[in-house]
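We count ligands from 1, going down the list as the structure has it; atoms in each ligand are counted the same way.
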Amino acid sequence: MARTTHPGACPLDCPDTCVWQLTVEDGRAVALRGDRDHPFTRGALCGKVNRYLDAVNGPDRLTTPYVRTGPKGVGRVAYRPASWDEGVERVAAGLRASIDRHGPEAILPYYFAGTMGHVQGWTMGPRLFAHLGASRLDTTICTAASRAALGSIYGGSVGFEPESIVDARLIVLWGANPLATNLHLWPFVQQARERGAHLVTIDPLRTDSAARSDEHVAPLPGTDAALALGLMRHVLDAGAADEEWLAAHTVGWPELAARLGEWPVERAAAECGLPVEAVRRLGERIATTRPTAVRVGLGLQRHHGAGQAIRAICALPLVTGDFRYPGGGALVSTSGHHPIDEGPVIRPPGMPAPRARLVNMSRLAAVLTGEADPPVTSLVVFNANPAATAPDQTRLLTGLRRADLCTVVLEQRWTDTCDYADVVLPATMQPEHLDLHSSYGHHYTTLNLPVTRAPGEALPNTEIFRRIAAALGIDHPRLRDSDEDLARQLLRGTPVSFEELCERTYGRTSGVAVGSAPYAEGGFPTPDGRARLHDPALARRGVDPVVGYTPPVEAADPALARRFPLVLVAPAGRYLMNSTFASLPWHARRTGPPRVHLHPDDAAARGLADGDAVRVHNDRGAFLAAVAVDDATRPGLAFTYKAYWARLSPGRATVNAVTAVRDADLGGAPTFHDCRVEVEPVLAALLTVEPPQDDEAVPPPPREATDDPAGPVPRPTEAVPAG
Ligand SMILES: Nc1nc2c(c(=O)[nH]1)N[C@H]1C(S)=C(S)[C@@H](COP(=O)(O)OP(=O)(O)OC[C@H]3O[C@@H](n4cnc5c(=O)[nH]c(N)nc54)[C@H](O)[C@@H]3O)O[C@H]1N2
Ligand SMILES: Nc1nc2c(c(=O)[nH]1)N[C@H]1C(S)=C(S)[C@@H](COP(=O)(O)OP(=O)(O)OC[C@H]3O[C@@H](n4cnc5c(=O)[nH]c(N)nc54)[C@H](O)[C@@H]3O)O[C@H]1N2
Ligand SMILES: [Mo]
């Protein structure tokens with residue numbers, strides 16, 4: 001049989017956006033490997049995506065629409081297969097009923113980066129909902145705090161050129177764990193180390209990346225701004241502030257310098273729970289090493305003080321003048337370097353400007369239980385699994401069970417959120433549809449063309465929205481645009497054309513040269529080209545206009561600490577991608593069952609041993625997990641990994657049963673890691689997961705963690721003896 005190989009893009013929410021080569025036989029994907037020529041990802045795929053075809057070819061792909069016939073929340077038994085006509089007609093009826101009763105703002109689309117594709121993610125759906133006048137989604141769940149903070153300090157989500165990191169002499173991985181979440185950066189970091197660079201990781205947990213660094217600094221969660229202020233103070237006291245560059249290319253240095261007067265290294269160290277010497281040593285290293293590259297992760301911003309933390313960390317290289325040099329500066333995200341602008345594609349000429357209310361997605365639990373007026377009575381979910389991934393799960397599920405709520409879910413497989421849907425519509429996967437991907441970790445944009453047949457009747461999101469528009473009787477030419485039309489519209493005004501991408505798959509779209517220092521001479525994307533250390537506009541948003549420190553809420557609350565002594569963070573697991581893959585046997589086996597990692601002192605104080613079953617709880621809810629006794633953390637700090645599925649977890653709840661709906665200081669961002677809990681022992685038998693009665697075809701994740709002998713790196717924080 002003829003085998004052909006086709007380039008494409010990994011669609012996952014990861015900074016790397018790999019280019020891959022997919023082998024197809026008889027319309028079916030049979031092999032997948034990385035594209036060796038891609039300048040950033042260079043051929044290797046990560047462990048989880050090496051098994052991406054498990055997801056594509058899995059027996060659990062949705063192949064037909066489903067409509068609900070029984071109660072919400074009980075599982076697939078409450079559904080029957082339906083035709084596309086019936087499914088789409090039901091959706092249209094639900095949307096119409098919402099509009100008739102409360103107006104179009106009663107409709108809320110809920111979507112995120114299940115695919116990072118501009119076409120399947122962020123264009124046709126939002127275009128349809130804008131046309132309807134539906135509530136607009138404030139997409140805060142991941143990067144809202146950094147987007148707002150970077151917009152303030154640098155004028156956009158920009159930073160040092162990632163490939164230039166090989167030229168850094170000091171690399172600081174700040175709240176980032178690239179070995180789990182940004183794997184393709186690691187070889188560049190290693191190259192810098194071979195040339196003599198020193199690697200420091202700042203993370204409350206000793207992650208894989210921290211364990212493999214030259215130095216690990218472990219502050220208390222949510223205190224990074226204090227640490228950054230202490231480090232800047234040391235730089236200032238050491239006479240290493242680059243006064244000339246600061247005067248030429250920033251505003252607000254006098255105000256920040258005055259603020260640093262309040263932040264002696266001792267105060268910073270005390271706030272962060274660090275030895276004074278550790279802060280001073282790192283401050284001295286930063287003061288004396290040019291260029292220093294600070295690669296900032298996204299996980300560190302899931303705290304109440306996220307906005308100020310990102311501002312303070314990003315101020316550091318402005319104070320040292322590091323942007324002068326290739327390999328110097330800070331980088332949170334490259335997304336502001338890409339010229340693709342979704343705005344005009346969502347709202348093309350001839351379609352009305354949306355004026356509907358903005359609804360913060362991170363508040364979904366509150367929105368569905370009374371916060372919204374008019375209420376949300378139609379929820380259309382795509383590229384997301386909020387029942388597993390959004391905070392305050394117990395309250396959210398109460399909202400999702402509302403009888404007056406019509407929920408529509410576009411999905412590739414039956415997730416937690418599908419259990420609460422009125423209509424489930426089967427969606428295609430990456431080899432089956434067209435998409436266009438820019439990256440938040442490098443400067444290339446990639447085209448992905450459909451090369452295989454979708455299973456059954458699965459359709460691309462775009463086509464599903466076209467059908468919903470038609471069923472609503474909307475006859476607008478822009479709601480009939482093809483996926484290729486959308487890709488061409490997105491590429492308008494960028495340095496690459498659709499034809500070029502068809503030819504070459506990817507292109508550099510930023511205009512920033514490889515290995516260069518784009519802000520050596522200032523020129524930040526602020527109106528005057530200067531970075532802002534003092535931003536009066538923030539005062540109007542209730543934030544200190546000077547770079548400063550917002551302490552955590554729960555972590556810093558002594559009264560709460562008496563009842564819930566453990567701070568719980570839930571970062572990314574290596575073999576999952578948020579909740580994507582959590583139901584696949586290979587990925588579930590590598591990940592192992594839900595575990596809560598406790599410092600040996602905390603385990604001993606509760607009489608808990610490795611493998612014991614516990615209930616992790618606070619006033620919002622509880623989830624069940626096995627204890628992992630782990631010196632990767634400190635006393636009082638527990639951790640687990642995000643993104644299991646509730647329907648496949650013991651007790652049918654995930655870590656988000658304990659996380660709060662509470663906005664960070666900037667951007668309306670969620671604060672998943674600002675969370676206090678207590679753990680109590682429960683019967684071991686409670687950890688046994690009964691498969692959902694309707695799902696026999698989908699085996700539940702095995703209970704025992706197995707190590708991955710082929711894994712490229714050791715996993716000290718994940719390797720736990722079977723419980
Ligand atoms: N394998 C895998 N890769 C992923 C994902 C996944 O689920 N799995 N998720 C993707 C997504 S959606 C995102 S947003 C990115 C996230 O990418 P990262 O930001 O790299 O990942 P996280 O694990 O969320 O957070 C990074 C580190 O921040 C630490 N951290 C938590 N609180 C603090 C703090 O207060 N201060 C400091 N200094 N560090 C803190 C955590 O312990 C964690 O080790 O990764 C993407 N890539
Ligand atoms: N406790 C805790 N919770 C967290 C976090 C944390 O750190 N701690 N991190 C948060 C972060 S950073 C993020 S980004 C969110 C992510 O949370 P979500 O946005 O819910 O992401 P996923 O869980 O990956 O779910 C994406 C879904 O999209 C589906 N999908 C993929 N491609 C397509 C497509 O083309 N069409 C359709 N219709 N569906 C598709 C996948 O099958 C998958 O079920 O989770 C957040 N939740
Ligand atoms: Mo994210």
task = Report the nearest protein non-hydrogen atom to atom 34 (C) of ligand 1: residue, atom name, distance rounded to 0.1 Å.
result = Asp224 OD2, 3.3 Å
key: Arg206/Asp631 salt bridge by N-O under 4.0 Å criterion   = yes
ask   = Is Arg127 positioned over the aromatic face of Phe465, cation under 6.0 angstrom from the ring centre and no more than 45 degrees off axis?
value = no
query = Backbone or side chain, does any N or O of Thr415 fall under 3.5 Å from an N or O of ligand 2?
reply = no
task = Could you tell me if any non-hydrogen atom of Thr428 lies under 4.0 Å from any atom of ligand 2?
result = yes
ask   = Which is closest to atom 33 (C) of ligand 1 in terms of heavy atoms, His673, Met577, His587, His303?
value = His303
inquiry  = Can you check which of Thr633, Asp203, Val567, Thr181 brings a heavy atom nearest to atom 17 (O) of ligand 1?
reply    = Thr181
remark   = the protein heavy atom lying closest to atom 10 (C) of ligand 1 turns out to be Asp13 O, 3.0 Å
Salt bridge flag under 4.0 Å for residues Asp557 and Arg676 = no
query = Who's the nearest protein heavy-atom neighbour of atom 15 (C) of ligand 1, and how far?
reply = Tyr440 OH, 3.9 Å
query = Does a side-chain N-to-carboxylate-O contact under 4.0 Å join Arg363 and Asp663?
reply = yes
task = Give yes or no for whether the N/O distance cutoff of 3.5 Å, strictly under, is met between Gln120 and ligand 2.
result = no
ask   = Are the charged groups of Asp392 and Arg620 less than 4.0 angstrom apart, N to O?
value = no
query = Judged by non-hydrogen atoms, does Asn182 sit under 4.0 Å from ligand 1?
reply = no
note = Residue, atom and distance of the protein heavy atom nearest atom 8 (N) of ligand 1 read Leu576 O, 2.6 Å
Donor + acceptor pair across side chains of Gln120, Asp483 (<3.5 Å) = yes
inquiry  = My understanding is that we take every heavy atom of each candidate and find the minimum distance to atom 12 (S) of ligand 1. Doing that for Asn578, Leu300, Thr591, which one comes out nearest?
reply    = Asn578
key: Arg295 to Trp174, cation-pi by 6.0 Å centre distance and 45° axis angle   = no
task = Report yes or no: does Ala643 have a heavy atom closer than 4.0 Å to ligand 1?
result = no
message = One residue to check: Thr580. Relative to ligand 2, which of side chain, backbone, both or neither has a non-hydrogen atom less than 4.0 Å away?
response = both
ask   = Which residue supplies the protein heavy atom nearest to atom 25 (O) of ligand 2, what is that atom called, and how far is it?
value = Asn385 N, 3.6 Å
query = Does at least one non-hydrogen atom of Arg413 fall below 4.0 angstrom from an atom of ligand 2?
reply = no
inquiry  = Can you confirm, on distance only, whether ligand 2 has an N/O atom lying under 3.5 Å from any N/O atom belonging to His433?
reply    = no
